[in-house]
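The structure appears below as structure tokens.
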Amino acid sequence: MLDDLKNNSKTVGLKQTVRALEADEVRVVYVASDADQSLTAKIIALSNDKKIEICSVESMKILGRKCGIDVGTAVAAILKD
């Protein structure tokens, strides 16, 4: 499912993902396990409130790579079609 990040419309990063969640545009959220929990708590809470699937990813580096960027990211999301 992580490979879906390359082939679908997505957000990368906290701010973009929060905006998309608030606009009800998100299908799946990915959160890096090694990300600062104080940063990811809002994303997780919003996702739970909206009953959006949350997938844990081993590291920020892996999540960034799967998103097609050269740096790590704490969160990413696949957008609805």
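Rounded to the nearest 0.5 Å, atoms CZ (R65) and CG (L5) are 13.0 Å apart. Taken from NZ in K61 to CG in D70, the straight-line distance is 10.5 Å, to the nearest 0.5 Å. Rounded to the nearest 0.5 angstrom, S47 OG and E53 CD are separated by 10.5 Å. In this structure, the separation between OG1 on T40 and CE on M60 is 10.0 Å, given to the nearest 0.5 Å. Note that NZ of K50 and CD of E22 are 7.5 Å apart. Values are rounded to the nearest 0.5 Å.
Between L39 and V75, the closest side-chain pair of non-hydrogen atoms is not below 4.5 Å. Counting only heavy atoms from C-beta outward, the side chains of R27 and N8 approach each other to under 4.5 Å. V26 is listed as a side-chain neighbour of L79, based on a closest heavy-atom distance under 4.5 Å. Using a 4.5 Å heavy-atom threshold, the side chains of V18 and K42 count as touching.
Between the K10 side chain and the D4 main chain, no donor and acceptor come within less than 3.5 Å of each other.
Linking Ile, Leu, Val, Met, Phe, Trp and Tyr whenever their side-chain heavy atoms come within less than 4.5 Å puts V29 and I44 in one cluster. I54 and V28 fall into different hydrophobic clusters, where Ile, Leu, Val, Met, Phe, Trp and Tyr residues are linked whenever their side-chain heavy atoms come under 4.5 Å apart, directly or through other members. Under the 4.5 Å side-chain contact rule for hydrophobic residues, I62 and I78 share a cluster.
Counting heavy-atom neighbours within 6.0 Å of E58 CD, excluding the residue itself, gives a total of 12 or less.
For the residue pair L21 and L46, the shortest heavy atom distance occurs at CD1-CB, 3.9 Å. Looking at every heavy atom in both residues, T73 comes nearest to A32 through O-CB, 3.8 Å. For T17 against T11, the heavy-atom pair with the smallest separation is OG1-OG1, 2.8 Å.
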